[in-house]
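Let me begin by presenting the structure, written as structure tokens, before commenting on it.
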Amino acid sequence: MKLSLDTLSERERRLVTIGGVAAVVLLLLGVLLPLDRSVSRAEERVGQKQADLAWMQSVTPELANAGPVTARPATQDSLIVVVDRSAREAGLGGSLTSSEPNGPGGLRVRLEKAPFDILIGWVARLSEQHGVRVESATIDNAGAPGIVNAGLVLRTQ
């Protein structure tokens, strides 16, 4: 390297030196600084996640002592009556095509061309208000976006 610099004219040596300095500056600005920023952001995220974990660990005993919350049926009506009434209240009465018993405390329900958002809200209300859980579900697209065909097996808790 020394021999090749000695063979260059003064102007060329200055140009090579400036080019080398520029390459080092570009390396610092183009690679190392973005990498440093990325590491700083990752450290901040890790710190936030550690704080979240500490909070979760602090409330775990309180939540464990609360025990599981199970909804009690609001009425003594049969599951088929509860499902039919709540489906009509939710606006799914026209979509409810069949419901048949499925063992003790179970009901197999079929809905056709039901709005997905309404279906999910209905199932959540059944669980919260009547203690009905979904044992299994099959949900397929019914053509239009957000419209589904669903087969549910519901069971009282």
Side-chain angles (χ1 to χ4, degrees), residues 18-157:
I18 292 171
V21 170
V24 169
V25 168
L26 284 175
L27 178 68
L28 286 174
L29 293 176
V31 176
L32 297 178
L33 288 178
L35 184 62
D36 183 54
R37 283 190 212 116
S38 175
V39 169
S40 297
R41 279 187 254 129
E43 287 173 345
E44 288 174 14
R45 283 195 318 268
V46 167
Q48 180 61 44
K49 291 187 185 298
Q50 287 174 335
D52 291 345
L53 176 62
W55 176 80
M56 284 185 224
Q57 288 173 336
S58 72
V59 298
T60 297
E62 182 180 333
L63 293 175
N65 291 335
V69 177
T70 56
R72 298 273 188 247
T75 66
Q76 296 300 322
D77 292 336
S78 70
L79 181 57
I80 194 164
V81 172
V82 169
V83 166
D84 185 60
R85 183 183 324 121
S86 63
R88 291 184 196 292
E89 289 171 357
L92 293 171
S95 298
L96 186 62
T97 58
S98 69
S99 43
E100 54 191 54
N102 187 35
L107 184 67
R108 185 176 303 276
V109 177
R110 182 76 186 154
L111 294 108
E112 300 287 334
K113 297 182 181 172
F116 180 77
D117 295 341
I118 294 174
L119 173 69
I120 296 303
W122 171 64
V123 169
R125 280 189 303 281
L126 274 175
S127 176
E128 292 169 2
Q129 296 173 359
H130 301 286
V132 175
R133 66 181 169 83
V134 177
E135 190 170 89
S136 66
T138 304
I139 300 175
D140 300 312
N141 185 358
I147 304 298
V148 297
N149 295 330
L152 307 171
V153 177
L154 305 173
R155 191 157 309 279
T156 56
Q157 294 182 2

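In this view, Gln48 and Asp52 satisfy the side-chain hydrogen bond (donor to acceptor under 3.5 Å, both in side chains) rule, not counting sequence neighbours. Asn102 pairs by the side-chain hydrogen bond (donor to acceptor under 3.5 Å, both in side chains) definition with nothing, not counting sequence neighbours. Not counting sequence neighbours, the partners of Ser86 by the side-chain hydrogen bond (donor to acceptor under 3.5 Å, both in side chains) test are Trp122.
In this structure, CG in Leu35 is found 12.0 Å from CG in Leu28, a value given to the nearest 0.5 Å. Atom-to-atom distance recorded for Leu107:CG and Asp84:CG is 9.5 Å, nearest 0.5 angstrom. Between the CG atom of Asn149 and the OG1 atom of Thr138 there is a distance of 11.0 Å, given to the nearest 0.5 Å. To the nearest 0.5 Å, atoms OG1 (Thr156) and NE2 (His130) are separated by 12.5 Å.
Distance alone, capped at 3.5 Å, places no donor-acceptor pair between the Ser38 side chain and the Pro34 backbone.
Counting heavy atoms from C-beta outward, Leu154 and Val134 have side chains that approach closer than 4.5 Å.
Sorted by first and then second residue, the pairs that involve residues 105-117 and meet salt bridge (charged side-chain N to carboxylate O under 4.0 Å, His left out), not counting sequence neighbours, are Arg110-Glu112. Within the structure, salt bridge (charged side-chain N to carboxylate O under 4.0 Å, His left out) pairs that include any residue of residues 139-157 comprise Glu135-Arg155 (at least two apart or interchain). Evaluation of the salt bridge (charged side-chain N to carboxylate O under 4.0 Å, His left out) test over residues 29-38, restricted to residues two or more places apart or in two chains, returns none.
Nearest heavy atoms, Leu79 versus Gly105: CD2-O, 3.6 Å. Of all heavy-atom pairs spanning Ser95 and Ala114, the tightest one is OG-CA, 3.6 Å. Residues Pro115 and Leu92 share a closest heavy-atom pair of CD-CD2, 4.0 Å.
Between Leu111 and the choices Thr97, Ile118, Leu152, the side chain to side chain contact (heavy atoms under 4.5 Å, CB included) rule is met once, by Leu152.
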